[in-house]
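Notes for the one structure printed next.
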Amino acid sequence: MHEIGYLHLIPLLPLLGAAINLILGKRLPRPVVHFVACGVVFAAATLALNAVFGDLYPLWKAGRAGVPAVSQTVYTWLHAGDFTLNLRLVVDPLAGVMILVVTIVGFFIHVYSMGYMAHEPDYPRFFGYLNLFTGSMLILVLGDSLPVMFVGWEGVGLCSYLLIGFWYQKDHNAFCGRKAFIVNRIGDFGFLLGMFLCFVTADTLSLAELRDKADLFRTVAWLGMPIAFWVGLLLFVGACGKSAQLPLYVWLPDAMAGPTPVSALIHAATMVTAGVYLVARMNFIYILSPAVMAVVALVGAVTALYAATMGFAQNDFKKVLAYSTISQLGFMFAAVGVGAFSAGIFHLYTHAFFKACLFLCAGSVMHAMGDRGDIREMGGLRRRTPITHWTFLLSTIAIAGIVPWSGFFSKGAILAGAFGAENPAFHAVGMVVWVLLLAAALCTAFYMFRLYYLVFSGECRADEHTKAHLHESPPAMTIPLMVLAGGAVVGGLIGITMVPRIDLVSRWLAPVFGTGPGAAGAHHLSLGTELGLEALALVIAGAGIGIAWRLYHNGYSDLVKALVLSLRWAHKVVFNKYYVDELYDLLLVRPLRGLAVLCHRVLDAFVIDLVIVNGSAWAVDFLGRGAKRLQSGDVQRYLVAILVGVAGIVFFASRPSASFTAPRQARVGAPWQADASPLLRSGRELTFAWDFDGKGKFEALGARPAPHTFAKPGKHRVTLKVCDRRFGSSACRETVQKVEVTP
Amino acid sequence: MVPLGYYLILAAGLFAVGALGAILRRNALIVLMSLELMLNAANLTLVAFARAHHDMRGHVLAFLVIAVAAAEAAVGLAIVVGVFRTRKTVAVDEINEMKF
């Protein structure tokens, strides 16, 4: 492990920018606000490039055993007993890919936001949140222990919430923000439990140490499954929440209520991929349990297909892209689930470019349309917004997977990985996933080109007023579009899976991803098989595009209308997103709301407000009304009370305390010792009188009488009477102890 | 020499008279006088114990009580005079406005 001193600056600079813009932003002129916001991300990107290519690359090249990584221990965060937790940042090849994606794509989205948010009165707040997000995401990516990652994990969740509800004056947006936050909390609970289970199993939370102790996760079992299965499953629940997989995907389409750059940065390119990153990061645990790998792969593949079909009938530009994101994330999970970790991360990286570009194009289009996103009103925008059109088309080709666009290579790597997967727990998983993903790829090509044709070709369906105002966006928006589209086109060339020698992505990531029963890549596929698979994927993508062209190349064709009519029932189900939101509403939201109302009415309004709060006030009032009669104003009554009180104090204080120790049991004829001598230490002048048989006849025998012998068996009551001689017979106290006398 | 017990019995008697007077009499002046009786009963026990135990602290405390009693009498009489001026009465059972 190689220590370098500037890693902490990579997340710290964006956080600093957030602090400046959130605290001082209102007093700063606009150029300063966006200069600070973009500048810190640019600086972070520079440092990230230096860390990866300057410091990490030589180590990787040297190819020593173990994971090549540069790290920095910033300080000790927690120290309790044997447990130490350092705030430690690590860049290994995997984190390296992530920080480059986050800072570089993030930088261009920051630049785009300058143009997109130009008319926004709350400009500094937006950039503050955006910087805060970037900083949190970098902490999540760089953290070398689960708790540090969790800080970033929660940080990005918070920023997601804040930015979805950025225009919180609209009730709907605030609701969407809450929905995202709450659904994410469910996932976070899984993450936390997984973290606890790691700690219980291995006594450490540092990733490096967990990796060293990975064997424990295979050998220790619970409920017939190795701990690796449970840890993997719980962390995957967290990943499902963050990365919008079944069944926790419902928040992502609603997250589109936020500003479009936010959708691009958080809800497409970076934050939502955190779940994939988490699974890839914990690959050394996942590969120990083929069962959990199968779960991840199947959930991913089913989500990929399911979300892709929902893209068919959506009419909101950004919603289509949101379902597309869910679907693409499903591809990534399917990849890591079949053990093709580097293919998953490769797709994450290519997806960041083309999906960010698609979202930014959506923003640009909506900007031109006067902030409306209904694709039924669009069409024919090719001529009015040429740059947006071309960048959108390039990214759409990339996502559809046409050679040599980036999506072709990353999706091909995933499909090949699934095709060649071997999972001892569930042999067919690779094939099932492959078929599902192939279907999803067909759907992807179809709905993306449907979107493209409906927006950019045919005749414009907008009203005259909107048509008159159609315009291309300013350079601050179009330049990022062109850069990202460029990335979407050529970004895939670094990972040509068919030829291992130039498959840089796999080679770069290879040291991070271990081998185990669950991790069988596509390496054993022959070149012919791979080329065949790629050709098939290409045919599938072409078919999807062809269908879209036939149906939508000139706006809604008559065939579409006929199809919708004949498949009315199916269309309605898909259009309503399979009624999942309604189902959740029925099964979870309504019962929980009912419970909340019940708690409110019974616990809060009745028990707490009425009984405890008002009740205590009422009781005090009642007692006060009674007690006020004591204050009669008659000074002589007060005097009587004082005299009585003083007399009482004197009486009770003059009586000594009485107690003695003795065995609870005795035998007839055997000596039985009672002892009250500790009382002598009180400094009083005491006399001790004893009554051993309960007849009321006391004998003065002193504090420690000679051992008594009981004559008869049975229960005896022994009484001790202690008096203070100085106060006479009035100052006495008695104590009784029962003794069981056996023959 | 008079035994200690005699002094204590006398003091108890004086205290009882003072306490009953303070509780039962209505005239504020008599109540004040009864208070003095109780204080002096306490003084008597102090002096008696001091003498019996040959301890000068009892005498000193008795002087302190006399001084405090003088101050108390001065303040008490001033209050009685003040009350009489405003209310034309010194009957303690009629001076009972300090209540809820």
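A quick note: this is a predicted structure, and the numbers were derived from the prediction, not measured. Chain A is the first sequence line, chain B the second, and so forth, proteins listed ahead of strands; every chain is numbered from 1.
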query: Within residues 17-53 of chain B, which positions have a heavy-atom distance to chain A below 4.5 Å?
result: B/A19, B/A22, B/I23, B/L24, B/R25, B/R26, B/V31
query: Are A/D122 and A/K26 ion-paired here, with the side-chain N under 4.0 Å from a carboxylate O?
result: yes
query: Is there a donor-acceptor pair under 3.5 Å between the side chain of A/T742 and the backbone N or O of A/A666?
result: yes
message: Does this structure show an ion pair linking A/R590 with A/D585, if we count only N-O contacts that are shorter than 4.0 Å?
response: yes
message: Strictly distance-based, threshold 3.5 Å: is any side-chain N or O of A/Y168 a donor or acceptor partner for the main-chain N or O of A/L162?
response: no
- request: Tell me, with the steps shown, if A/F660 and A/D675 meet side-chain contact (heavy atoms from CB on, under 4.5 Å).
  value: CA-CA 5 Å; A/F660 65 93; A/D675 185 10; 5.9 Å; no
query: Heavy-atom distance under 4.5 Å between the side chains of A/Q665 and A/W672, does that happen here?
result: no
